[in-house]
Protein chains: 2
Amino acid sequence: MSPLAATPTDARQGGMRNEPVQVELIAVLVAVTDGDPRVLTIESGFALPSGPLESGHRSLQSGLRAWVERQTHHPLGYAEQLYTFADQQRDAARSISISYLGLSREAAAAEYPGAIWRSWYEYFPWEDRRQGVAAAEALLPGLAVWAREDAARHLRVSGLFGGAGRGWNEELVLQRYELLWEAGLVPEARRGGAVEMPLVPGAEMTHDHRRILATAIARLRAKIKYRPVVFELLPRDFTLLELQQTMEALAGQSLHKPNFRRLIEQQELVEETGKFTSGLAGRPAKLFRFRPAVLEERGFTGTKLPLVR
Amino acid sequence: MSPLAATPTDARQGGMRNEPVQVELIAVLVAVTDGDPRVLTIESGFALPSGPLESGHRSLQSGLRAWVERQTHHPLGYAEQLYTFADQQRDAARSISISYLGLSREAAAAEYPGAIWRSWYEYFPWEDRRQGVAAAEALLPGLAVWAREDAARHLRVSGLFGGAGRGWNEELVLQRYELLWEAGLVPEARRGGAVEMPLVPGAEMTHDHRRILATAIARLRAKIKYRPVVFELLPRDFTLLELQQTMEALAGQSLHKPNFRRLIEQQELVEETGKFTSGLAGRPAKLFRFRPAVLEERGFTGTKLPLVR
DNA sequence: TCCCCTTATACTCAACATGAGTATAAATTG
DNA sequence: CAATTTATACTCATGTTGAGTATAAGGGGA
């Protein structure tokens, strides 16, 4: 009954029971286009691309990379494992899902029929606060019903969704989604159950794919603060405004422009190319590029976000 | 050849090839005793506890929890997935290892023959800088040989090991270990190869277990800064000095006492119990306990470390 | 041509957080 | 009861952050 052997002998000397296990890889592939954080989906946005683990690759990551690069015709800049789930099936056959986050640039995923890029805010509208907090506040009445006369629930709601002057932590994407699930406000939680309250807006996904997407968003929002991964989502040359808007798209929040520039400059993450934008409205902007040397110079811990309140 | 199916049909409609895959769980169980961060090992410290995945548990984590609690007779306060590796075996049978980090309190692991708690600094002596940086600086000559006349290597060494006035980032445990591996300075990298340079101090482990341990240390050092997980390693009541020393044990660095207290107090992570220590040398210290309400109040992002320079 | 709109870039300032150090209190130990 | 040890409280200079203002440099249209 135990997942770990009772004695080291069992564990280390080939005494393992070899259960049949299916292993599936699930990819959350992210790009930012026109200030929109997008994710590659299949089945009209109802599922994340996934497939069985096959032999022939050195590692899980190298297999994922090869697949993504063939599908998008674009190198996969950054890949990171998200989480491994084990589902106990009814028929006793276990299946294991290993999910990955990948950063790329949007490109026609031509070889992948039915694949489309969709804004991740279609699935989590309340996570986009760049144009205001209306989408998040629309959830409060429903949550208030769920939390009625339960002090602990009230605390959780206001801690996560921020009502009454409390802050908004953009990293708590998964916790918010799980609370909405617990409250029965997302369709995935309604399987066979009675419908009690009006559902919250946002597109549904199959199985636990929406949950995996929430995990990916949370991870990425945390990561951009201490690793220079944003640059994987940008072209080689970019303006500081483009960089800022990409960050804003990911964080779902507006940033304070002068402070953002100060932060970027003092961290020496980028260098001038000597070139400028042209043809657009307004004063031409300097074009910058990422300074890859920082990857080796520092072990990192920087890149914070100057939010606008 | 691809790990993800070429078409959604393959992936989603049962077209999976069902390769025989072995799944193994590996646990990095951490406790802090007498100011020493310890990890539960088997085989005289040569391996981490591990075993095959078995059926009968809802999830991977619940299986791990049950096993740990039976072995240590102590509830597993906190568990977190670390990483999933896939090894391609020579005989074409794939095996998958899912590693976990668990926080506990040291207890006689009576039912587990051969299990002992060992300080993690036995495996990574250079990561302990509480009594000085001698252990880390002892590595520099060997690394200098490896980096000779290679500017990029020099940058990496000084970025990770901090020579010449550059700072030390305690979170880069894995990167430092991997660099030592690359330089051929750890025994695990010597399988069948020629011995060129004297090895670095530190105990060896089987397979990639030392690497998994490095991953766990890095993760925990990062985590304690923004989630109140330290308290899982402490008794219910503790003094601020005990809390500080536990943090120091994990971070491998000394902290500035007045500033540490200021930080803890202003974050309102703990509350007074009204009790005091007694029988020890010096003025009696107030006993505090963790204030679990914070888990629900906030979404967190706090708990930084005031390092001593 | 000149004014206006737009975007880029530079600078200021108060509030707060942090790093470092000093001073005082209350116990045990010899 | 003095010396030692640990706890706890406070100060101060510096750095970082949030917020706002001012100026520069392009294009478009009256």
Side-chain angles (χ1 to χ4, degrees), chain A residues 34-35 129 165 167-170 225-226 237-248 251 253-289 300-309, chain B residues 34-35 129 165 167-170 225-226 237-248 251 253-289 300-309:
Chain A
D34 302 331
R129 297 165 72 88
W168 175 269
N169 185 337
E170 80 281 355
K225 290 186 194 160
Y226 60 94
D237 294 1
F238 50 84
T239 68
L240 290 184
L241 183 60
E242 286 166 345
L243 175 58
Q244 179 180 347
Q245 286 171 337
T246 303
M247 292 284 252
E248 289 176 331
Q253 280 179 288
S254 300
L255 304 179
H256 186 279
K257 189 148 117 177
N259 291 349
F260 180 78
R261 306 174 123 258
R262 177 173 64 188
L263 214 56
I264 297 298
E265 278 159 16
Q266 73 192 186
Q267 298 197 139
E268 299 180 293
L269 288 173
V270 299
E271 60 191 6
E272 298 187 9
T273 61
K275 291 185 284 183
F276 287 81
T277 57
S278 66
L280 301 165
R283 175 174 169 177
K286 285 180 185 168
L287 284 168
F288 290 83
R289 80 164 66 93
F300 270 91
T301 304
T303 326
K304 296 178 186 168
L305 294 181
L307 298 176
V308 155
R309 313 247 162 160
Chain B
D34 303 330
R129 297 165 73 88
W168 174 268
N169 185 336
E170 80 281 355
K225 292 186 193 160
Y226 61 95
D237 293 359
F238 49 84
T239 68
L240 291 183
L241 183 60
E242 286 167 344
L243 175 58
Q244 179 180 346
Q245 287 170 338
T246 303
M247 293 283 253
E248 289 175 334
Q253 279 179 286
S254 300
L255 305 178
H256 186 278
K257 188 148 121 179
N259 292 349
F260 179 78
R261 306 173 126 259
R262 179 174 61 189
L263 214 57
I264 297 297
E265 279 158 17
Q266 72 192 184
Q267 299 198 140
E268 297 182 292
L269 287 173
V270 300
E271 61 192 5
E272 298 187 7
T273 62
K275 291 185 284 183
F276 287 79
T277 56
S278 66
L280 302 166
R283 175 175 169 177
K286 285 180 185 169
L287 283 168
F288 290 83
R289 80 164 67 92
F300 271 92
T301 304
T303 325
K304 296 179 187 168
L305 295 180
L307 297 177
V308 155
R309 312 249 163 153

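Chain naming here is simple, since letters A, B, ... match the order of the sequence lines and numbering starts at 1 in each.
- Heavy-atom distances to DNA chain D give each of B/Arg262 and B/Leu241 a nearest nucleotide, and the one nearer the 5′ end belongs to B/Leu241.
- Judged by distance alone, the side chain of A/Thr273 and the main-chain N or O of A/Leu287 form a donor-acceptor pair under 3.5 Å.
- Whole-Å rounding puts the B/Phe260 CZ to D/dT8 C1' distance at 14 Å.
- Between A/Leu280 atom CG and C/dC5 atom C1' the separation is 15 Å, expressed in whole Å.
- Side-chain contact between B/Lys286 and B/Phe276: present, with at least one pair of heavy atoms (C-beta onward) separated by less than 4.5 Å.
- Minimum atom distance to the side chain of B/Arg283 is reached by D/dA7, of the listed D/dA19, C/dA8, D/dA7.
- In terms of heavy-atom proximity, A/Thr239 sits nearest to A/Ala285 at CG2-CB, 3.8 Å.
- At the phosphate of D/dA7, OP1 or OP2 sits under 4.0 Å from a side-chain N or O atom of B/Lys257.
- Remark: C1' of D/dT8 and NE2 of B/His256 are 14 Å apart, rounded to the nearest angstrom.
- Rounded to whole Å, atom P of C/dA26 lies 17 Å from atom CG of B/Leu287.
- Remark: C1' of C/dA8 and NZ of A/Lys275 are 19 Å apart, rounded to the nearest angstrom.
- With rounding to whole Å, A/Gln266 atom CD is found 12 Å from D/dG15 atom P.
- In terms of position on DNA chain D, the residue among B/Thr277 and A/Pro258 whose nearest nucleotide sits closer to the 5' end is B/Thr277.
- Between the NZ atom of A/Lys286 and the P atom of C/dT7 there is a distance of 19 Å, rounded to whole Å.
- Residues A/Met247 and A/Leu255 approach most closely at CB-CD1, 3.8 Å, considering heavy atoms.
- Protein atom CZ of B/Phe276 is 16 Å distant from nucleotide atom P of C/dA25, rounded to whole Å.
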